[in-house]
Protein chains: 2
Amino acid sequence: MRLSSRGEYGVRAMLHLALNYNEGYISLSRIAAAEDISQQYLEQIFANLRRGGLIRSNRGVKGGYTLASPPQSIYVGDIIRVLDGPITPVECVSEEGDEPDCRCGKSDNCLARNLWMKLRDHINQLLDEISLQDMLKWKN
Amino acid sequence: MRLSSRGEYGVRAMLHLALNYNEGYISLSRIAAAEDISQQYLEQIFANLRRGGLIRSNRGVKGGYTLASPPQSIYVGDIIRVLDGPITPVECVSEEGDEPDCRCGKSDNCLARNLWMKLRDHINQLLDEISLQDMLKWKN
DNA sequence: TAATAACATACTAATTTACTCTGGATTTAA
DNA sequence: TTAAATCCAGAGTAAATTAGTATGTTATTA
């Protein structure tokens, strides 16, 4: 049940953008240095975040990245799903739709499947109710 | 945020033991066949479950495995922790104790860390309140 | 003593992860 | 107009993890 480093780094970087939301565009090199993350790796992560519509970019000198919407309307769940795909404990309950491809065969009446769905929903619910703004408020 | 196949298989196998709790010792070959899991792989999983005190075994003909305690007192969290170790989204908040070894450096006042702890606790709370007995009741 | 079944451990192939490497495109400012 | 800064794109890769196999031993029962 571990998060990928992409997800972890992505949340940290987005938090950095939220923290500096009023400063406009922030260069990736600054973020990478501040968060101690490989710059090239972070570039890949930001490419995904941008394609996912969570951040905006400007090229060239004075360019950089900024949040696509204010911190109060970006949720952790959005970030992780963009970077890692659906948040689910097992492939079998990955989609909200009901056409499972379980390795257990018995797609109907699979007791374990009920558990995985509960767990999936439980995790997503939490991550979808915590915004970047909420996290900023945790600051001491 | 995926569960390992060990965790998935382990829960399914334990559920199988719960379903047949009154029959006494069940052979691993029976479980492997019923659940369509590699028998040798399942042996490794059962070794861990046994060392973790969740199941009991008998050797020889008529031998097999049975739950170490009744289905109502074995929780999914126990099973997964025995098989996969601490349930945590990032290594940094793996222990309940407060000596973090974060890759982010700033172990104090790390906003992301607060999130990971919340997520860790949220997941563990759910998995620690669902027993095998609870899952049996989901049967239709 | 033969069959059955748990127990133990080493090995391995495939996949995934977490990056690095290389080069190009765009913008700003001197 | 040129140099520097910056984003952008995609291929490659080493290490770790995962999901198993393979082989053999020990214990129990009929």
Side-chain angles (χ1 to χ4, degrees), chain A residues 1-13 17 23-68 80 83-85 89-92 103-104, chain B residues 1-13 17 23-68 80 83-85 89-92 103-104:
Chain A
M1 296 297 294
R2 299 295 167 89
L3 189 66
S4 70
S5 70
R6 285 199 323 284
E8 186 188 342
Y9 292 164
V11 169
R12 296 230 317 267
L17 288 182
E23 288 185 42
Y25 289 77
I26 313 281
S27 78
L28 190 135
S29 60
R30 231 181 95 183
I31 304 168
E35 296 291 333
D36 193 27
I37 298 172
S38 150
Q39 185 169 332
Q40 286 176 325
Y41 192 31
L42 202 53
E43 276 179 345
Q44 292 177 27
I45 292 168
F46 271 50
N48 285 315
L49 291 171
R50 188 177 52 80
R51 292 187 200 112
L54 297 182
I55 57 177
R56 271 199 283 265
S57 63
N58 267 154
R59 305 233 266 197
V61 179
K62 294 282 186 181
Y65 295 92
T66 195
L67 297 181
I80 295 178
L83 295 174
D84 285 348
V90 301
E91 185 58 36
C92 164
R103 18 183 177 195
C104 69
Chain B
M1 296 295 295
R2 301 295 168 90
L3 189 66
S4 70
S5 70
R6 284 200 322 285
E8 186 189 341
Y9 292 164
V11 169
R12 297 229 317 268
L17 289 183
E23 288 186 41
Y25 289 77
I26 312 280
S27 77
L28 190 136
S29 60
R30 231 181 95 183
I31 303 169
E35 296 291 333
D36 195 27
I37 298 172
S38 150
Q39 184 170 334
Q40 285 175 326
Y41 193 30
L42 203 54
E43 276 180 346
Q44 291 177 31
I45 293 169
F46 271 50
N48 285 315
L49 292 171
R50 187 177 52 80
R51 291 186 200 113
L54 297 182
I55 57 178
R56 271 199 283 262
S57 63
N58 268 154
R59 308 233 266 199
V61 179
K62 292 284 187 180
Y65 296 93
T66 193
L67 298 181
I80 296 178
L83 296 175
D84 285 348
V90 300
E91 186 57 35
C92 164
R103 17 183 178 196
C104 69

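No hydrogens, no waters, no symmetry mates; every other heavy atom, side chains included, goes into these values. Within every chain, numbering begins at 1; the chains are lettered A, B, ... in the order of the sequence lines, protein sequences first and strands thereafter.
Contacts of B:Arg2 classified as side-chain hydrogen bond (donor to acceptor under 3.5 Å, both in side chains), with partners at least two apart in sequence or in another chain: A:Glu91. Residues passing the side-chain hydrogen bond (donor to acceptor under 3.5 Å, both in side chains) test with B:Arg30, sequence neighbours excluded: B:Glu23. Here A:Ser27 pairs with A:Ser29 under the side-chain hydrogen bond (donor to acceptor under 3.5 Å, both in side chains) rule; sequence neighbours left out. When the side chain to side chain contact (heavy atoms under 4.5 Å, CB included) test is applied to A:Asn48, the partners found at least two apart in sequence or on another chain are A:Arg51, A:Val82, A:Leu83. A search for side chain to side chain contact (heavy atoms under 4.5 Å, CB included) contacts involving B:Asp84 returns B:Leu3, B:Ser4, B:Arg6, B:Ile80, not counting sequence neighbours. In terms of the ring pair (Phe, Tyr, Trp, His ring centres under 6.0 Å) criterion, residue partners of B:Tyr41 (sequence neighbours excluded) are, by chain and number, B:Tyr9.
Within the 4.0 angstrom heavy-atom criterion, no nucleotide atom of any strand lies near B:Phe46.
Note on B:Arg30: every side-chain N or O is 4.0 Å or more away from OP1 and OP2 of C:dT4. In this structure, B:Arg50 reaches the C:dC7 phosphate: one of its side-chain N or O atoms is under 4.0 Å from OP1 or OP2. Taking side-chain N and O atoms only, A:Ser57 has a distance below 4.0 Å to OP1 or OP2 of D:dC8. Within the structure, a side-chain polar atom (N or O) of A:Tyr9 is placed less than 4.0 Å from OP1 or OP2 of C:dC19. For the OP1/OP2 pair of C:dT20 and a distance below 4.0 Å, the side-chain nitrogens and oxygens of A:Ser38 include at least one atom meeting the criterion.
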* What string of B, S and - do you get for nucleotides 9-17 of chain C, 5' to 3', if B is base contact, S is sugar-phosphate-only contact and - is no contact with any protein heavy atom under 4.0 Å? -> -B-------

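Look at CZ on B:Arg56: it is 18 Å from C1' on C:dC7, rounded to the nearest Å. In this entry the distance linking CD1 of A:Ile45 with P of D:dA9 reads 16 Å, nearest Å. In this entry the distance linking CD1 of B:Ile55 with P of C:dA5 reads 16 Å, nearest Å. If you take CG of A:Leu42 and C1' of D:dC8, they are 14 Å apart, rounded to a whole angstrom. For A:Leu83 and C:dA18, the CG to C1' distance is 14 Å, given to the nearest whole Å. A straight line from OH of A:Tyr65 to C1' of D:dA5 spans 13 Å, rounded to a whole angstrom. To the nearest angstrom, C1' of C:dT4 lies 17 Å from OH of B:Tyr25. Atom-to-atom, CZ of B:Arg12 to P of D:dA19 comes out at 13 Å; the value is rounded to the nearest Å.
A pairwise comparison of heavy atoms in A:Ile31 and A:Ala13 identifies CG2-CB, 4.1 Å as the closest pair.
The stretch residues 42-62 of chain A participates, sequence neighbours left out, in these ring-ring contact (aromatic ring centres under 6.0 Å, His included) pairs: A:Phe46-A:Tyr65.
Judged by distance alone, with hydrogens and angles left aside, the side-chain atoms of B:Arg50 form no donor-acceptor pair with the main-chain N or O of B:Ser57 at under 3.5 Å.
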Distances under 3.5 Å between protein N/O atoms and the N/O atoms of nucleotides 27-30 of chain D, please, pair by pair.
from   : atom 1 : to      : atom 2 : distance (Å)
D:dA27 : O4'    : B:Arg59 : NE     : 3.2
D:dA27 : O4'    : B:Arg59 : NH2    : 3.3
D:dT28 : O2     : B:Val61 : N      : 3.4

